[in-house]
Amino acid sequence: LCWSNADQKEFSTLEDTDDALSIFLGEHSDIVPSTCTIGVESTAEYHLKVTKYFLSKGFTVKVLNPILTKQYTRTTIRGTKTDKTDSELICKLIAEGHGDAVSMHALTDREKELLRLAHTLTKNASQLTLRLQSSRRKELDTGDIEAKLEGIIASLKDLSGELVAEATEAPTDDEAFIDSIPGFAAHLSAVVYHEIGDIKRFATPKSLVAYAGLDPKIKQSGARLNTTGRLMKRGSTHLRYALYLAAHTARRFDPELAGYYAKKRAEGRKNTEVLCMIARKLLYRIWALLKEQRVYVRRNLSTPAPLTST
């Protein structure tokens, strides 16, 4: 644990318990919610207990992506990584304004976890299906293994469907707003809503795009500027995947996006690249609808765009 006090940084090692944190706050009366922001690094579930504790005490808690801290560590000459250097780095990054503020609701979002679990089950079912198809092509004598695998795959798909149904049985108004955009349905709308969280965290649509990791890397050397690099991919993979699926459907049924897709493909852009561009456009729409609390209204095009079927 590292904290800054009158431009002086202090360091202490604590047990990951509520009692230890309570004793620490009792010994440091100057650490209060009105003047202090708590920063933690997202490390699987290990940061959740500390995060929940400080949120319950009224503190603002910001979570840092490990990618960011690793990048800063690599820039040091020695590349030293200890508990103390990690704590000092987190303190520095929070002071510079990095990190995403979290709420207690976001940490206890049951529907979000159900949807993530459903995605994992579906992914595992797809991987098993590919392995089963590979075995069949090789004409291997697998006995009754194929039948057992088929049963497992069917069970995974059924359970995934049950989880999605449970997570989407009571959609919020925000989910309905997202669902009004061509390309979305109840499932994808729920995933996007729960992965984004409180839209008030994002002052601009660009910040939402950056949160989703859909902004391209920018490389510059002298007068040469390249903005067509790979995506940053800093945010939720579940959010990006849902947006990608929605983009694939939207470019077929939304005349405006269909025209955009056809134009970019004619310019030589790859299918995946254009779908990522459309995903960013969808995020702009989502940001506007959630900010204004309204449904999506299609724009009337003077010249209907071609609807592609491929």
Side-chain angles (χ1 to χ4, degrees), residues 1-16 20-21 24-25 28 30-107 109 195-220 229-240 283 287:
L1 178 66
C2 177
W3 68 97
S4 178
N5 184 11
D7 296 329
Q8 296 291 327
K9 288 185 178 179
E10 300 182 51
F11 177 80
S12 179
T13 300
L14 303 177
E15 291 184 7
D16 186 16
L21 292 171
F24 172 80
L25 288 182
H28 299 81
D30 56 328
I31 300 181
V32 293
S34 59
T35 59
C36 296
T37 298
I38 305 300
V40 296
E41 182 183 28
S42 178
T43 52
E45 291 81 26
Y46 298 108
H47 69 289
L48 295 180
K49 181 180 291 187
V50 174
T51 302
K52 289 180 180 179
Y53 175 84
F54 281 107
L55 283 174
S56 69
K57 299 300 181 181
F59 285 88
T60 297
V61 181
K62 290 188 174 182
V63 178
L64 292 168
N65 192 316
I67 295 177
L68 181 62
T69 56
K70 288 179 181 178
Q71 287 175 340
Y72 271 75
T73 301
R74 292 193 189 104
T75 61
T76 61
I77 296 177
R78 296 180 180 272
T80 303
K81 180 176 174 59
T82 63
D83 289 343
K84 183 176 181 179
T85 58
D86 284 350
S87 298
E88 290 176 344
L89 177 57
I90 291 173
C91 187
K92 176 179 181 296
L93 292 174
I94 294 299
E96 293 177 354
H98 295 282
D100 298 310
V102 295
S103 64
M104 190 66 78
H105 171 72
L107 296 178
D109 191 340
E195 291 296 332
I196 288 177
D198 188 357
I199 195 64
K200 295 178 182 178
R201 297 188 298 151
F202 307 101
T204 66
K206 286 185 178 180
S207 61
L208 179 57
V209 170
Y211 175 77
L214 284 171
D215 50 334
K217 294 180 181 179
I218 298 176
K219 296 181 180 180
Q220 183 174 14
R230 295 183 177 181
L231 298 178
M232 292 298 292
K233 294 186 179 181
R234 292 171 298 187
S236 166
T237 56
H238 301 279
L239 176 58
R240 281 196 302 277
L283 272 181
W287 183 88

What are the two closest heavy atoms between Gly58 and Pro33, and how far apart are they?
O-CB, 3.3 Å
Here the gap from Trp287 atom CH2 to Phe202 atom CZ, rounded to the nearest 0.5 Å, amounts to 11.5 Å
Can you measure from CD (Glu41) to CD1 (Ile94) and round to the nearest 0.5 angstrom?
10.5 Å
Are the side chain of Arg201 and the backbone of Ile196 linked by a donor-acceptor contact shorter than 3.5 Å?
yes
Residues in side chain to side chain contact (heavy atoms under 4.5 Å, CB included) with Leu48, at least two apart?
Glu45, Leu107
Are side-chain heavy atoms of Ile31 and Phe24 found at a separation under 4.5 Å?
yes
Mind checking side-chain hydrogen bond (donor to acceptor under 3.5 Å, both in side chains) for Asp100 and listing every partner two or more places apart, or none if nothing turns up?
none
Closest heavy-atom contact between His98 and Lys62?
O-CD, 3.6 Å
Rounded to the nearest 0.5 Å, how far does CG of Leu208 lie from NZ of Lys206?
13.5 Å
Rounded to the nearest 0.5 Å, how far does CG of Leu64 lie from CG of Asp86?
11.0 Å
Please name all residues satisfying ring-ring contact (aromatic ring centres under 6.0 Å, His included) with His238, sequence neighbours left out, ordered by chain then number.
His119
Shortest non-hydrogen separation from Val63 to Ser42 and the atoms involved:
CG1-CB, 3.5 Å
Counterpart residues, ring-ring contact (aromatic ring centres under 6.0 Å, His included), relative to Tyr53 (two or more places apart):
none
In terms of heavy-atom contacts, Glu195 and Ser236 come closest through OE1-OG, 2.8 Å
How many angstroms lie between CG in Asp198 and NE2 in His105, if you round to the nearest 0.5 Å?
9.0 Å
Student check: side-chain heavy atoms of Val50 and Val61 closer than 4.5 Å
no
Measuring from His47:NE2 to Lys52:NZ, what's the distance to the nearest 0.5 Å?
9.5 Å
For Lys92, the salt bridge (charged side-chain N to carboxylate O under 4.0 Å, His left out) test, sequence neighbours excluded, returns Glu96
Residues Phe54, Leu21; criterion side-chain contact (heavy atoms from CB on, under 4.5 Å); working and verdict:
CA-CA 9 Å; Phe54 281 107; Leu21 292 171; 4.1 Å; yes
Return the set of residues passing side chain to side chain contact (heavy atoms under 4.5 Å, CB included) with Thr35 (not counting sequence neighbours), or none when no residue passes.
Val32
